[in-house]
Amino acid sequence: MQNVLAPRRNGTEFLYASIGCILIRYALNLDGSMQEQDTLRMPFKVQYACFDNKLGLAYVVCSDGGVGNPGRHHCLVIVTLDGSLRLKEGALALPHRPIHVSLDTAKHRLLIAYNLPAAVTAHILDENGCIREFLNSSAESGIGWFPHQILPVPCSDDVLLTCRGDDASGGRPENPGSLQVLRFSKGEIRLAHVSAPNDGYGFGPRNSAYHPSSAWLYTVLERQNAFAMFDIENGHIAATPKVVLSTLERPNDVRQPQLAGALKLHPNGRFAYVVNRSHAVAEFGEHMVCAGGENSIAVFSLDALTGTPTLVQTVDLPGLHARCIDITHGGKTLVAAIRQSSFRILNETIEARSAGFSIFRITECGFLFEVDFHAVDTGGEHLFWAGFSE
């Protein structure tokens with residue numbers, strides 16, 4: 001079947017993003033410039049989205065909740081991407097605030113993760129990409145604390161649930177993190193395997209990615225500001241990571257809150273890109289200014305024989321808290337979405353920084369070279385999610 005997404009012309013790529021309830025399509029040109037092309041209002045705030053490239057569809061999960069707020073109303077919306085953005089069919093109600101969604105094209109399943117309560121739902125898709133069967137919901141099957149991402153396991157019927165856990169706070173003990181492999185069996189989702197070094201204490205995985213051609217798993221440890229690599233042996237994730245490296249340029253001078261974030265592997269499997277996020281601010285006159293936390297992208301080179309990562313570059317981002325990054329299909333451009341506007345002190349004066357998109361060219365050796373910044377007026381909302389159609 002041919003790709004029915006809007007065709008790429010002269011190298012143009014299409015980036016989708018959300019500001020509050022609004023889904024936006026941008027055209028990204030070879031020179032790094034961007035233009036808004038179309039918008040579509042969702043029923044509630046966009047939390048995440050994934051794509052079916054062959055069918056030209058986006059699966060968008062929405063909620064009236066948000067960070068620290070479970071909300072009351074949640075839904076899945078299927079959006080048709082060819083031509084103008086439009087709804088394919090009515091919204092499907094979801095049981096909780098969805099935090100991540102991914103597509104298992106091999107099994108014709110849509111996978112959705114929820115963090116509070118910890119749960120997973122899976123939905124069978126028909127040949128047109130519409131949901132025709134609700135496969136399972138699991139909130140009491142031993143799922144780990146605070147799931148943040150769900151992915152299909154390559155060449156398997158299983159799925160990987162990355163569970164972040166929580167640090168101890170306010171007299172409450174730490175909730176451990178884990179990497180959980182779930183298996184579909186007789187219409188149920190069952191726990192098949194867990195990797196949780198030190199029983200998950202001091203282990204806070206947020207995002208994971210399978211290497212495109214080797215049996216390696218890479219995981220960002222949000223709470224530890226670290227990047228970990230696991231071997232995969234006989235289909236099982238190793239009990240302990242092979243390597244754990246800091247993602248920070250100044251790991252001994254951390255300004256809280258400081259959190260490792262999104263992860264993206266280069267399509268060639270040679271490089272990994274990890275976001276460092278901070279929204280630490282301090283009062284300065286009439287403004288709250290950046291308090292010196294690290295907002296950057298850490299670039300790791302991945303050894304072709306062993307998979308071992310090495311930190312080779314750290315690139316500053318022009319603003320606070322990039323929640324999402326993505327790489328174009330040809331692997332030549334990386335875009336980071338700066339979540340919110342902010343202020344910083346520069347030469348003893350206040351400089352305003354806008355939310356928007358930092359656009360980087362990826363060199364042959366994997367390094368990032370900034371080519372442009374596309375400012376976005378969020379109207380008091382957050383630039384919460386962004387990604388290229390797959």
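This one's a predicted model, so the numbers in the text were calculated from it and none came from an experiment.
- For the ring-ring contact (aromatic ring centres under 6.0 Å, His included) criterion with Y26, the lone passing option out of F14, Y16, F357 is F357.
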Check: How far apart are the C-alpha atoms of L40 and L87, what are their side-chain angles, what is the distance that settles it, and do they pass the side chain to side chain contact (heavy atoms under 4.5 Å, CB included) test?
Finding: CA-CA 9 Å; L40 182 65; L87 301 183; 3.9 Å; yes
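- The line from OH of Y114 to OG1 of T121 is 3.0 Å long, rounded to the nearest 0.5 Å.
- Linking ILVMFWY residues whenever their side-chain heavy atoms come closer than 4.5 Å, directly or via other members, leaves V275 and F227 in distinct clusters.
- In the displayed structure, K242 atom NZ is contacted under 6.0 Å by more than 12 heavy atoms of other residues, nucleotides or ligands.
- Side-chain contact between D231 and W216 is present, with at least one heavy-atom pair separated by less than 4.5 Å.
- A 4.5 Å side-chain heavy-atom check between F44 and C75 finds at least one atom pair inside the cut-off.
- In this structure, S208 and L263 approach most closely via the heavy-atom pair C-CD2, 3.8 Å.
- With a 4.5 Å cut-off on side-chain heavy atoms, R361 and T333 count as touching.
- Note on V312: it clusters hydrophobically with I362, by side-chain heavy-atom contacts below 4.5 Å among ILVMFWY residues.
- Listed for the H148 side chain is no donor-acceptor partner under 3.5 Å among the backbone atoms of I99.
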Margin query: N276 vs T247, test: side-chain hydrogen bond (donor to acceptor under 3.5 Å, both in side chains). Steps then yes/no.
Written below: CA-CA 7 Å; N276 292 308; T247 62; 2.6 Å; yes
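- Taking the side chain as every heavy atom from C-beta outward, L110 and C50 approach each other to under 4.5 Å.
- When all heavy atoms are compared, the tightest approach of P212 to P267 is CG-O, 3.9 Å.
- The main-chain N or O of R277 is found under 3.5 Å from a side-chain atom of Q258 such that the two form a donor-acceptor pair.
- A distance of 10.0 Å separates CG in L55 from CD1 in I78, rounded to the nearest 0.5 Å.
- Between D64 and R72 there is no salt bridge, since no side-chain N of the basic residue sits under 4.0 Å from a carboxylate O of the acidic one.
- Side chains of V376 and I24 form no contact here, defined as non-hydrogen atoms less than 4.5 Å apart.
- Contact of the Y59 side chain with the D52 side chain is registered, since non-hydrogen atoms from C-beta on lie closer than 4.5 Å.
- Of the residues R190, R109, R183, the one that meets the salt bridge (charged side-chain N to carboxylate O under 4.0 Å, His left out) test with D157 is R109.
- Using modelled atom types, one side-chain atom of D126 and one backbone atom of G129 make a donor-acceptor pair closer than 3.5 Å.
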Check: Should F51 and L57 be marked as a side chain to side chain contact (heavy atoms under 4.5 Å, CB included) after you check the CA-CA gap, both sets of side-chain angles, and the distance that decides it?
Finding: CA-CA 6 Å; F51 301 94; L57 300 175; over 6 Å; no
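- Within the 4.5 Å cutoff, no side-chain heavy atoms of H73 are placed close to those of P43.
- Using a distance-only test at 3.5 Å, with no hydrogens or angles considered, a donor-acceptor pair links the side chain of Y273 to the main chain of G366.
- Side-chain N or O atoms of Q47 include none that pairs as donor or acceptor with a backbone N or O of R97 at under 3.5 Å.
- A donor-acceptor pair shorter than 3.5 Å cannot be found between the side chains of N234 and H236.
- Judged purely by atom type and a 3.5 angstrom limit, N175 has no side-chain atom pairing as donor or acceptor with the backbone of G165.
- Hydrophobic clustering (ILVMFWY, side-chain heavy atoms < 4.5 Å, transitive): I297 and F388 are in distinct clusters.
- In summary, the aromatic rings of F300 and Y218 are positioned with their centroids too far apart to meet the 6.0 Å limit.
- Considering Y48, F146, W385 as possible partners of H100, the one that fulfils the ring-ring contact (aromatic ring centres under 6.0 Å, His included) test is Y48.
- The line from OG1 of T328 to CD of E13 is 5.0 Å long, rounded to the nearest 0.5 Å.
- Note that CZ of R86 is 4.5 Å distant from OG1 of T80, once rounded to the nearest 0.5 Å.
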Note to self: Using the rule given for side chain to side chain contact (heavy atoms under 4.5 Å, CB included), can you reason through L125 versus L103, listing the C-alpha separation, both sets of side-chain angles and the distance that settles it, and then say yes or no?
What the structure shows: CA-CA 10 Å; L125 305 174; L103 189 64; 3.4 Å; yes
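- Atom CZ of residue R206 and atom CD of residue Q224 lie 13.5 Å apart, to the nearest 0.5 angstrom.
- You'll find the side chain of K45 stays beyond 4.5 Å of the side chain of H382, heavy atoms only.
- Under the 3.5 Å distance criterion, the side-chain polar atoms of S156 are matched with a main-chain donor or acceptor of D158.
- Although no hydrogens or angles enter the test, the distance criterion places a donor-acceptor pair under 3.5 Å between the side chain of E174 and the main chain of G202.
- Residue V181 is found in a hydrophobic cluster whose other members, listed by chain and number, are V153, L160, L179, F203, Y210, L217, L221, F230, I232, I237, V244; membership requires side-chain heavy atoms under 4.5 Å apart, directly or through intermediates.
- Side-chain N or O atoms of D38 include one that pairs as donor or acceptor with a backbone N or O of L85 at under 3.5 Å.
- The hydrophobic cluster containing L23 also contains L94, counting ILVMFWY residues as joined when their side-chain heavy atoms lie under 4.5 angstrom apart, directly or transitively.
- Within 6.0 Å of atom CD in E364, 12 or fewer heavy atoms from other residues, nucleotides or ligands are found, so the atom counts as exposed in its surroundings.
- Annotation for S358 and F373: closest pair OG-CD1, 3.5 Å, computed over non-hydrogen atoms.
- Within the 3.5 Å criterion, the main-chain N or O of G269 finds a donor-acceptor partner in the side chain of H211.
- When all heavy atoms of T306 and D303 are compared, the pair lying nearest together is N-OD1, 2.8 Å.
- Smallest separation of non-hydrogen atoms from L302 and P309: CD2-CB, 3.7 Å.
- The two residues W145 and C163 come nearest to each other via the heavy atoms O-CB, 3.4 Å.
- I143 and L116 are assigned to two separate hydrophobic clusters, defined by single-linkage of ILVMFWY side chains at heavy-atom distances under 4.5 Å.
- For H321, the ring-ring contact (aromatic ring centres under 6.0 Å, His included) partners two or more places apart in sequence, or in a different chain, are H279.
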Checklist line | Stepwise side chain to side chain contact (heavy atoms under 4.5 Å, CB included) check, S296 with D316 | finding: CA-CA 4 Å; S296 62; D316 288 338; 4.1 Å; yes
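- No donor-acceptor contact under 3.5 angstrom links the side chains of S169 and D167, judged on distance only.
- For the atom pair OG of S178 and CG of D199, the computed distance is 11.0 Å after rounding to the nearest 0.5 Å.
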